[in-house]
Participant: 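This structure is in structure tokens; I'll ask about it shortly.
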There are 2 protein chains.
Amino acid sequence: MSDTGMTAKRQTKGEKTAQRILDAAADLFASQGYDGTSLRQIAQGTGITEPALYNHFASKQALYEAVLHRGLNPMAQALAEHIDGASRLRDYTELPAIMTDLLLEHPQMAALFQQAMQGDANSLGTQLVAAWLERLFDEGRRSLTRYGAVANSGDRDQDNAALAINLIAMFNLTTGYFLSQRAFATLANGNITDPDNIARQKRLLHKVIRAMLVS
Amino acid sequence: MSDTGMTAKRQTKGEKTAQRILDAAADLFASQGYDGTSLRQIAQGTGITEPALYNHFASKQALYEAVLHRGLNPMAQALAEHIDGASRLRDYTELPAIMTDLLLEHPQMAALFQQAMQGDANSLGTQLVAAWLERLFDEGRRSLTRYGAVANSGDRDQDNAALAINLIAMFNLTTGYFLSQRAFATLANGNITDPDNIARQKRLLHKVIRAMLVS
DNA sequence: CAATTAAATTATCAATCGTTAATATTTTGC
DNA sequence: GCAAAATATTAACGATTGATAATTTAATTG
């Protein structure tokens, strides 16, 4: 992570440490969960002492939310660009593949999103991911009613339920792929980030979407 | 849970409490994770004091594994019956729907399975779920080579990777549905356990399998 | 019913958790 | 370069964690 690309505008020492903290925290939270990760581990992973964390984040919870925020931002941005740019139906069918590319750069985030979705309802992490899903849902519904590409039964509740099930399925398929890294290594003796396998997964995603659209 | 059906053979008081402990632990572990759940919570949920737990389970870890074991057993059994009974290809395509019915009786188990799959590799919980997935994989591979229903490229590694991706996708689709209970309630204003929605999910599962088979 | 075993309780433990206070050390901006 | 601000450290805190010992209560069995 850390994204110290060419856009790295002269950042102060403190900002640099903050990024390193976020890097370490993202890996640890993803692999061990929120409760399973201690601030001691994060501090050690960053190479500083525990109380130094508090110069950058007010609490463990705040740090966790910052991790989620930083990870969710690229997704939200890609989604926004995709929607604002061209909202033909075909573009929506490409979203999972785009998300797959984004997650490929930070595979741990998939675990964090799933964990956040299952956390208690009033946690900010849960709300962040939920809001993102809702936006996808709204856009999906809009595009469907606009193009009538899927069974419009006339009953809005039924249509909503069907759409939600499809959306949730695509979400689980897309993120779940990255959650199954170890299982895949055991079963197929390969790596999930291998371009061949990414291509397979994208083909599968397209196939599933197509199957959904023919109702 | 507790399964105090008609098959409840005269169980001693201790065995009865052990089941109640497992019930409480399963709910708590599923909703809060292993580290997020304390033995105090489990004891309180059972209606006993904390050290009394140790009369039934040697440690927190042992209790956790017992929960997984009890939850995984019905799945493994259904899988075994299905395989031994009739191993026509069609039966394999019905497995996800069968698993959906089983999970419907104990929706929390879906979260436990996913958590176990992501836990550290040498934990027994992880190994239990992994072994179960491996069995599914082996059976799937056997049935595919037997019936040649899917692209047999001649390259075993490639076939394995493709099969693993499909299997993992079905696993994530099937369990993920139950993990998205809250998201579904928010989006579609309905409940995932509603028979209509279960029917929708099963139709989706079938559609996806069919899409997989036409390669 | 009585004796034995099983199961529950109270009290307590060391270890670890997130967090704060007080202080020392760098970085930063003029 | 020097003052001010930012960032780090050491030391310690109350709370909670999983677990044990000693003991009392309840259940099982002959």
Side-chain angles (χ1 to χ4, degrees), chain A residues 2 4 8-68 115 119-120 122-125, chain B residues 2 4 8-68 115 119-120 122-125:
Chain A
S2 80
T4 63
K9 50 178 177 223
R10 184 132 186 69
Q11 57 183 350
T12 177
K13 161 106 180 185
E15 285 163 345
K16 229 179 291 181
T17 349
Q19 290 299 321
R20 275 171 45 230
I21 293 174
L22 287 172
D23 291 345
D27 283 342
L28 290 166
F29 280 142
S31 64
Q32 305 182 331
Y34 179 81
D35 292 300
T37 301
S38 69
L39 292 182
R40 279 163 172 75
Q41 288 179 302
I42 295 174
Q44 184 182 352
T46 311
I48 59 178
T49 53
E50 209 180 338
L53 295 174
Y54 287 87
N55 284 326
H56 305 273
F57 303 96
S59 66
K60 185 185 183 183
Q61 184 67 30
L63 170 56
Y64 177 69
E65 289 166 3
V67 167
L68 276 185
Q115 288 168 22
D120 62 319
N122 28 0
S123 107
L124 201 145
Chain B
S2 81
T4 63
K9 51 180 175 219
R10 183 132 186 70
Q11 57 183 350
T12 177
K13 160 109 176 186
E15 284 163 343
K16 230 178 293 181
T17 14
Q19 291 298 321
R20 274 170 45 229
I21 293 174
L22 287 172
D23 291 344
D27 284 341
L28 289 166
F29 280 142
S31 63
Q32 306 182 331
Y34 179 81
D35 291 300
T37 302
S38 69
L39 291 181
R40 278 162 172 75
Q41 289 179 300
I42 296 175
Q44 184 182 352
T46 311
I48 60 179
T49 53
E50 207 180 340
L53 295 173
Y54 288 87
N55 282 326
H56 306 273
F57 303 96
S59 66
K60 184 186 183 182
Q61 184 67 32
L63 170 55
Y64 177 68
E65 288 165 3
V67 167
L68 277 184
Q115 288 169 21
D120 61 320
N122 27 2
S123 106
L124 203 144

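Reminder, nothing fancy here: chain letters follow the sequence lines and each chain counts from 1.
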Participant: Does some side-chain heavy atom of A:T37 sit less than 4.5 Å from a side-chain heavy atom of A:Y64?
Facilitator: no
Participant: Is the shortest side-chain heavy-atom distance between B:I21 and B:I48 below 4.5 Å?
Facilitator: yes
Participant: Out of D:dA19, C:dT10, C:dT20, which has the shortest distance to the side chain of B:S59?
Facilitator: D:dA19
Participant: Would you say that B:Y54 contacts B:K60 through its side chain, given a criterion of any heavy-atom pair below 4.5 Å between the two side chains?
Facilitator: no
Participant: Atom CZ in A:R20, atom NE2 in A:H56: separation rounded to 0.5 Å?
Facilitator: 8.5 Å
Participant: Could you give the NZ-to-C1' distance, from A:K16 to C:dT26, as a whole number of Å?
Facilitator: 13 Å
Participant: Output the rounded distance in Å from CZ (A:R20) to P (D:dA8).
Facilitator: 8 Å
Participant: For A:L28, does its backbone N or O pair with a side-chain atom of A:Q41 as donor and acceptor, under 3.5 Å?
Facilitator: no
Participant: Quickly work out the A:F57 CZ to D:dT7 P distance and round it to whole Å.
Facilitator: 12 Å
Participant: Measure from the side-chain heavy atoms of B:I48 and tell me the nearest of D:dT9, C:dT9, C:dG18.
Facilitator: C:dT9
Participant: Is there a donor and acceptor pair closer than 3.5 Å between the side chain of A:N55 and the base of D:dA8?
Facilitator: yes
Participant: Please determine, for the side chain of A:H56, which listed nucleotide (D:dA8, D:dT9, C:dA7) has the closest atom?
Facilitator: D:dA8
Participant: If you round to the nearest 0.5 Å, how far is CG of A:L53 from OG of A:S59?
Facilitator: 11.0 Å
Participant: Of the candidate nucleotides C:dA7, D:dA8, C:dG18, which contains the atom at the shortest distance from the side chain of A:E50?
Facilitator: C:dG18
Participant: Using only atom types and a distance under 3.5 Å, with no angle test, would you say the side chain of A:E65 pairs donor to acceptor with the backbone of A:A62?
Facilitator: no
Participant: Extract from the structure each pairing of a protein N or O with an N or O of nucleotides 24-27 of chain D at less than 3.5 Å, listing the distance.
Facilitator:
none

Participant: Rounded to the nearest angstrom, tell me the gap between atom CG in B:L53 and atom P in C:dA7.
Facilitator: 13 Å
Participant: For residues A:L63 and A:L22, determine if any side-chain heavy atom of one lies less than 4.5 Å from a side-chain heavy atom of the other.
Facilitator: yes
Participant: Axis-to-axis angle across the helix from C:dC1-D:dG30 to C:dC30-D:dG1, five pairs an end, to 10 degrees?
Facilitator: 30°
Participant: Within the distance-only criterion (no hydrogens, no angle test), does the side chain of B:Q32 pair as donor or acceptor with the backbone N or O of B:F29 below 3.5 angstrom?
Facilitator: no
Participant: Please check if the number of heavy atoms outside A:Q61 that lie under 6.0 Å from its CD is greater than 12.
Facilitator: yes
Participant: Rounded to whole angstrom units, what separation is found between the NZ atom of A:K60 and the P atom of C:dT19?
Facilitator: 8 Å
Participant: So does B:I42 get a backbone contact from the side chain of B:T46, meaning a donor-acceptor N/O pair under 3.5 Å?
Facilitator: yes
Participant: Measure from OH on A:Y54 to P on D:dT9 and round the result to the nearest Å.
Facilitator: 15 Å
Participant: Indicate whether OP1 or OP2 belonging to C:dA8 is found under 4.0 Å from a side-chain N or O atom of B:T17.
Facilitator: yes
Participant: Would you jot down, in residue-number order, the residues of residues 33-47 of chain A having a non-hydrogen atom under 4.0 Å from DNA chain D?
Facilitator: none
Participant: For the pair made of CG in A:L63 and P in C:dG18, what is the distance, rounded to whole Å?
Facilitator: 11 Å
Participant: Any chance the side chains of A:Q19 and A:Q11 put a donor and an acceptor closer than 3.5 Å?
Facilitator: no
